[in-house]
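For the numbers below, each heavy atom of this structure counts, side chains included, while hydrogens, waters and symmetry mates do not. Values in this document were obtained by computation on a predicted structure and should not be read as measured data. Letters go in sequence order (proteins before strands), and every chain restarts at 1.
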There are 2 protein chains.
Amino acid sequence: MGSSTAVSHRTQAQRFAAFKDALRERSLKSTSQRDDIARVFFANDQHISVEELYREVKRVNPRVGYATVYRTVRLLRECGLAAERHFHDGEARFENVEEEHHHDHLICERCGRIVEFANDAIERLQEQIAARLGFVITRHKMELYGLCAECRSGRTPHAAAKRESRVSRT
Amino acid sequence: MGSSTAVSHRTQAQRFAAFKDALRERSLKSTSQRDDIARVFFANDQHISVEELYREVKRVNPRVGYATVYRTVRLLRECGLAAERHFHDGEARFENVEEEHHHDHLICERCGRIVEFANDAIERLQEQIAARLGFVITRHKMELYGLCAECRSGRTPHAAAKRESRVSRT
DNA sequence: ACTGGATTGAAAGTGATTCTCATTTTCGTG
DNA sequence: CACGAAAATGAGAATCACTTTCAATCCAGT
């Protein structure tokens, strides 16, 4: 059956260093706000919204403004360190990017739990379909919505608390 | 290889009748606004935005308000006659729902052309993956973004004009 | 340390969508 | 057909997530 494998290859510190390098490369300045926001982002291995990130950062450094969190998150995206996702709750969520491989999401509609997965067979089929219709794919988005085992079993829904941070390679 | 088949099984008139039936079932009132909006929606076999729908309806009946178009589109969605889609241009688009089968989208990032397709093999794989992770799928979303043959060949991009309204069954 | 351009925060601005509420319309009943 | 309650409408205000503005502040190269 499917095997679950952890795939966080870079440590927080390595990611943070990559961020600092990216700033230098682009001749952008290092500021305490950027550092704090990036650190909190890298420490959080989940699908975090800007709102959530803002609140977390506030606890570390109460002087940061909302706009700066947005700006920094955009910066992280442009540096290839964050990936933006739009699930169906209206707000964008960001996740750490691992150089390795793209993945998709399985979302529990009851408790909000998000499980990541990757499947090569599906990716190959997508390429085939696109090719038949004359397209070359540059990126894709696949989200499966449903109910997780726990929610179906009627046990206490755990308020999206236990978000998975592993990719299941199937 | 893949075969393309037209799948619009209900005529505009049949869809309109279904709408009127749905209103009656829910003891909602028939109004000229609702009728006009629904008629325009059913006549348009593409992925229309509320803005576009509003403009079209205005030409038929200039007294309809923006809010009513939004309300009616929501109603159509609730009646199962319209499906809401969120591609990456910020605004929601609605399409006619055919009872038959769900489909996914292939979107050209250059000209905006949207091609629909359906693929059972992928759907089966999705079910398998979800099952392995303990989920039961209720719905999904799959969008492939890329470049269509025409845009890659460098010919004049046709400003999203020729939107496809056929589902390619692959 | 100096200094000019980058960065920041607060608040105003956006764009899509929803809500409010006074006015109008529909439709079952008399 | 006329009533009248309940529903629907439209104009504009409100909301929500996000971006921009701009004066004040901060960083980094000299």
Side-chain angles (χ1 to χ4, degrees), chain A residues 19-41 47-79 82-94 112, chain B residues 19-41 47-79 82-94 112:
Chain A
F19 175 59
K20 299 295 262 188
D21 287 350
L23 289 180
R24 225 166 287 126
E25 262 171 51
R26 295 156 188 249
S27 0
L28 297 174
K29 296 180 174 170
S30 272
T31 67
S32 62
Q33 290 85 329
R34 280 180 177 163
D35 288 359
D36 292 336
I37 295 166
R39 246 191 295 269
V40 172
F41 176 72
H47 299 78
I48 197 168
S49 69
V50 176
E51 172 71 34
E52 287 161 2
L53 184 53
Y54 173 70
R55 278 205 301 274
E56 293 285 311
V57 173
K58 271 284 186 189
R59 303 205 315 216
V60 173
N61 177 352
R63 352 168 81 296
V64 301
Y66 222 97
T68 302
V69 178
Y70 268 100
R71 287 190 275 237
T72 305
V73 145
R74 189 197 314 172
L75 185 55
L76 287 163
R77 169 158 51 70
E78 285 164 2
C79 296
E84 185 171 352
R85 305 283 181 181
H86 291 263
F87 301 128
H88 268 166
D89 56 354
E91 58 190 344
R93 290 181 174 279
F94 293 82
Chain B
F19 176 59
K20 299 294 263 187
D21 286 348
L23 289 181
R24 225 165 288 124
E25 261 171 53
R26 293 156 190 249
S27 359
L28 297 175
K29 295 177 177 174
S30 272
T31 66
S32 62
Q33 289 86 328
R34 280 180 177 164
D35 288 0
D36 292 338
I37 295 166
R39 247 190 297 267
V40 172
F41 176 73
H47 300 79
I48 197 170
S49 68
V50 176
E51 173 72 35
E52 288 161 2
L53 184 54
Y54 173 71
R55 279 206 299 276
E56 294 284 311
V57 172
K58 270 283 185 188
R59 303 205 317 216
V60 173
N61 177 353
R63 350 171 83 294
V64 300
Y66 222 98
T68 303
V69 177
Y70 267 100
R71 287 190 276 236
T72 305
V73 145
R74 188 198 316 173
L75 184 56
L76 286 163
R77 170 159 51 71
E78 286 166 1
C79 295
E84 185 171 354
R85 305 285 181 181
H86 291 263
F87 301 127
H88 268 165
D89 57 354
E91 57 189 346
R93 291 182 173 278
F94 292 83

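Electrostatic pairing of A:E52 and A:R93 counts as a salt bridge here, judged by a charged N lying under 4.0 Å from a carboxylate O.
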Next on the checklist: Set out, in order, the CA-CA distance, both residues' side-chain angles and the distance that settles side chain to side chain contact (heavy atoms under 4.5 Å, CB included) for A:L23 and A:L75, then state yes or no.
Outcome noted: CA-CA 9 Å; A:L23 289 180; A:L75 185 55; 3.7 Å; yes

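Atom-to-atom, NE2 of B:H86 to C1' of D:dC16 comes out at 14 Å; the value is rounded to the nearest Å. Atoms CG (B:D36) and P (D:dT9) sit 11 Å apart, rounded to a whole Å. Atom CG in B:D35 sits about 13 Å away from atom C1' in D:dA8, given to the nearest Å. Nucleotide C:dT17 holds its P atom 12 Å from the CG atom of B:L53, rounded to whole Å. Atoms CG (A:L23) and C1' (D:dA28) sit 13 Å apart, rounded to a whole Å. Here the P atom of nucleotide C:dT14 and the CD atom of B:E91 are 18 Å apart, to the nearest Å. A straight line from CG of A:N61 to C1' of D:dT25 spans 14 Å, rounded to a whole angstrom. Between the CG atom of A:L75 and the P atom of C:dT8 there is a distance of 9 Å, given to the nearest Å.
Under a 3.5 Å cut-off, the side chain of B:R77 and the backbone N or O of B:A83 do not form any donor-acceptor pair. For A:R26 (side chain) and A:D21 (main-chain N/O), no donor-acceptor pair under 3.5 Å exists by modelled atom type.
Proximity of B:R34 to the phosphate of D:dA8: a side-chain N or O atom is located under 4.0 Å from OP1 or OP2.
Within 6.0 Å of CZ on B:R63 lie no more than 12 heavy atoms contributed by other residues, nucleotides or ligands.
Both B:V50 and A:T68 lie near DNA chain C, and the one whose nearest nucleotide falls closer to the 5' end is A:T68.
The one candidate from B:V60, B:V69, B:T72, B:D35 that meets the side chain to side chain contact (heavy atoms under 4.5 Å, CB included) condition with B:V40 is B:V60.
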Checklist outcome for this item: Each nucleotide of nucleotides 18-30 of chain C classed B (base within 4.0 Å of a protein heavy atom), S (only sugar-phosphate) or -, in 5' to 3' order, makes BBB-----BS---

